[in-house]
Number of protein chains: 2
Amino acid sequence: MDEQPQLAVSTVIFSLRDSELWTPLVRRIRQPFRDRWALPGGWVQPQEGLEATAARKLLETTALDPTYLEQLYCFGDIGRSPSGRVVSIVYWALVRPEQAELASDGENVRWFRADALPGLAFDHNRIVEYALWRLRNKMAYSSIAHGLLGETFTLAELRGVHEAVRGTTLDPANFRRQALAGGSIVPTGEHLVGASHRPPALYRYTDATLVDQGPLLASALTDRED
Amino acid sequence: MDEQPQLAVSTVIFSLRDSELWTPLVRRIRQPFRDRWALPGGWVQPQEGLEATAARKLLETTALDPTYLEQLYCFGDIGRSPSGRVVSIVYWALVRPEQAELASDGENVRWFRADALPGLAFDHNRIVEYALWRLRNKMAYSSIAHGLLGETFTLAELRGVHEAVRGTTLDPANFRRQALAGGSIVPTGEHLVGASHRPPALYRYTDATLVDQGPLLASALTDRED
DNA sequence: GCTACTTCGAGTCACGATTACCAGAACCGG
DNA sequence: CCGGTTCTGGTAATCGTGACTCGAAGTAGC
């Protein structure tokens, strides 16, 4: 007999460590794909919104509180799961380095470099690949880097985020001009001291809103989602 | 007792008529929102892919065969439907004018101007709004206009599509240069005759693939989805 | 205290893309 | 044949981007 498809929510998480992108995965404790690494997630509850489910499962399984959370895609191919039809609504999230340090590796949670993952359960390798592509894409035209930085930051740190995500180096002077022209960051007036060179100015993002608004305010943004 | 959420697939369809965007809606024949206009769609079948469901329902309810079909978003807020929890995976589609003429208005299907819709069932007004935003966005950087045109077309027709979607006028000479520089269209060698002015050349798209590939080939494209 | 070294941050220059605008080409209708 | 329309190629000004230079402002070492 045919049952209704089961509805799951999973999340791809990215954070920056040592100028590289890392993503936390959880070990599956039951079949199918038992003991394989997989995206954190769980079943949709009847009285809980999709994004709320993603955030709750994130906290429960990895103890992470994301600064950015956005729906990525809905995967529903037949045959994704050997145990029956599963439709997964996948979100992607960014967390700050402080957060990532708090949520360290455990027996059932481990951080991997985003570009060197092991063989994951289900179609999760493909999903991370897509999330990575989207992150790179969005980094180019939005102020999403905010989600990977602290409240204040130097232009070198901001540039470091872009370089880590894009995988290239950027000219400091040109990056400065472009970043400041965008208008989304302003100098705090303070400078970072202690380094053995000219102390760089600290900046802050102007827009406090960071968590994605979904299609609600889509028309108010200059987004280029696919 | 709490039931599992019901899984639906709906599709926002766009076509061009008289240099304006139109979208077909279907009349609901049962509660809730009986007799209100709504997006065509249906329940997910256990042994059918999501995109396949969208295409099938499109054909069944509106007799339309889309030239472009892509997942838009997954809407799953609690309270979307007064009759219980419904999670809708929404697609958006483009159909050619010939197609749209074949599938004319009926008792339960009617075309509306996309920017002047009546009050729809559920949250469908918001969904169409989002799809419209995405269409406008994607039109700016991809060759999606193909989905609204016939196999061959003049540059004026292609320009008309962009003008209709963007809602502005474009300089013919500049548009020509930009369109040809893209490399995605080539002249067929033939010209359109019969008009009372200089006969324009006919063009054709080079890339035959038009239906969206989803996240499969995402990394191979220069897409800017959200 | 002086020098060496590093990064910061402002400036310049060349190049490609975009935009506004102009004018000849090519058709039809009267 | 002439007026009216659109098509199509061309030009000049403007803007954004990338490569590059150079003084500014700190620390570290001697």
Side-chain angles (χ1 to χ4, degrees), chain A residues 18-19 136-143 145 149-150 152-206 222 224, chain B residues 16 18-19 136-143 145 149-150 152-205 222 224:
Chain A
D18 302 330
S19 297
R136 295 202 168 105
N137 234 334
K138 198 150 189 170
M139 181 78 65
Y141 62 84
S142 80
S143 55
L149 287 171
T152 65
F153 49 88
T154 67
L155 284 180
E157 290 170 336
L158 178 59
R159 179 166 48 88
V161 173
H162 282 259
E163 289 178 341
V165 171
R166 296 187 29 168
T168 64
T169 62
L170 297 168
D171 181 81
N174 292 335
F175 181 82
R176 151 183 304 273
R177 187 171 7 122
Q178 222 165 310
L180 294 179
S184 56
I185 63 173
V186 288
T188 66
E190 299 181 351
H191 289 254
L192 184 65
V193 295
S196 69
H197 53 75
R198 177 172 176 176
L202 286 172
Y203 292 83
R204 176 198 316 278
Y205 273 94
T206 55
T222 313
R224 305 186 196 171
Chain B
L16 216 55
D18 303 329
S19 296
R136 294 202 168 105
N137 235 334
K138 198 150 191 170
M139 181 79 64
Y141 61 84
S142 78
S143 56
L149 287 171
T152 65
F153 50 89
T154 68
L155 284 179
E157 289 170 336
L158 177 59
R159 179 166 48 88
V161 172
H162 282 258
E163 288 178 340
V165 171
R166 297 186 29 169
T168 64
T169 62
L170 297 168
D171 180 82
N174 293 335
F175 180 83
R176 147 183 307 272
R177 192 162 352 107
Q178 220 166 310
L180 294 179
S184 57
I185 62 173
V186 288
T188 66
E190 299 182 351
H191 290 253
L192 184 66
V193 295
S196 69
H197 52 76
R198 177 173 176 176
L202 287 172
Y203 292 82
R204 177 196 318 277
Y205 273 94
T222 313
R224 305 187 195 169

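These numbers come from a predicted model, not from an experiment. Because only heavy atoms are used, hydrogens play no part in the values below, and waters and symmetry mates are left out as well, while side chains stay in. Just so we're on the same page: letters track the sequence lines, and every chain starts at 1.
Heavy atoms of B:A181 sit nowhere under 4.0 angstrom from any nucleic acid atom.
The residue among B:R177 and B:A156 whose nearest nucleotide of DNA chain D lies closer to the 5′ end is B:A156. Positionally, the nearest nucleotide of DNA chain D for A:Q178 lies more toward the 5' end than for the other of A:Q178 and A:P199. Residues A:N174 and A:P200 each lie close to DNA chain C; by heavy-atom proximity, the contact nearer the 5' end of the strand is made by A:P200. Residue-to-nucleotide proximity on DNA chain C shows that, of A:R198 and B:D171, the 5′-proximal contact is made by A:R198.
Each of A:L202, A:L192, A:I185 was compared with A:F153 under the side chain to side chain contact (heavy atoms under 4.5 Å, CB included) criterion, and only A:I185 meets it. Applying the side chain to side chain contact (heavy atoms under 4.5 Å, CB included) test between A:Y203 and each of A:T154, A:V186, A:L149, A:L180 identifies A:L180 as the sole match.
Regarding B:Y203, its OH atom lies at a distance of 11 Å from the P atom of D:dC7, rounded to whole Å. Rounding to whole angstrom units, CD of residue A:E157 and P of C:dT7 are separated by 14 Å. Between A:H191 atom NE2 and C:dT6 atom P there is a gap of 23 Å when expressed in whole angstrom units. Atom NE2 of A:H197 and atom C1' of D:dG29 are 17 Å apart (whole Å). In this entry the distance linking CZ of A:F175 with C1' of C:dG11 reads 19 Å, nearest Å. To the nearest angstrom, P of C:dC28 lies 11 Å from CG of B:L192. A straight line from CG of B:L180 to P of C:dA17 spans 14 Å, rounded to a whole angstrom.
Rounded to the nearest 0.5 angstrom, B:E157 CD and B:S19 OG are separated by 10.0 Å. To the nearest 0.5 Å, atom CZ of residue B:R159 and atom CG of residue B:D171 are 8.0 Å apart. With values rounded to the nearest 0.5 angstrom, B:L155 atom CG is found 5.0 Å from B:R176 atom CZ.
One finds a side-chain N or O of A:R159 lying less than 4.0 angstrom from the OP1 or OP2 phosphate oxygen of C:dC8. Within the 4.0 Å cut-off from OP1 or OP2 of C:dG9, at least one side-chain nitrogen or oxygen of A:R176 is found.
Residue B:A201 places its side chain closer to D:dT8 than to any other of D:dT8, C:dG9, C:dC8. Relative to the side chain of A:A173, the nucleotides D:dC7, D:dG9, C:dG11 differ in distance, and C:dG11 lies closest.
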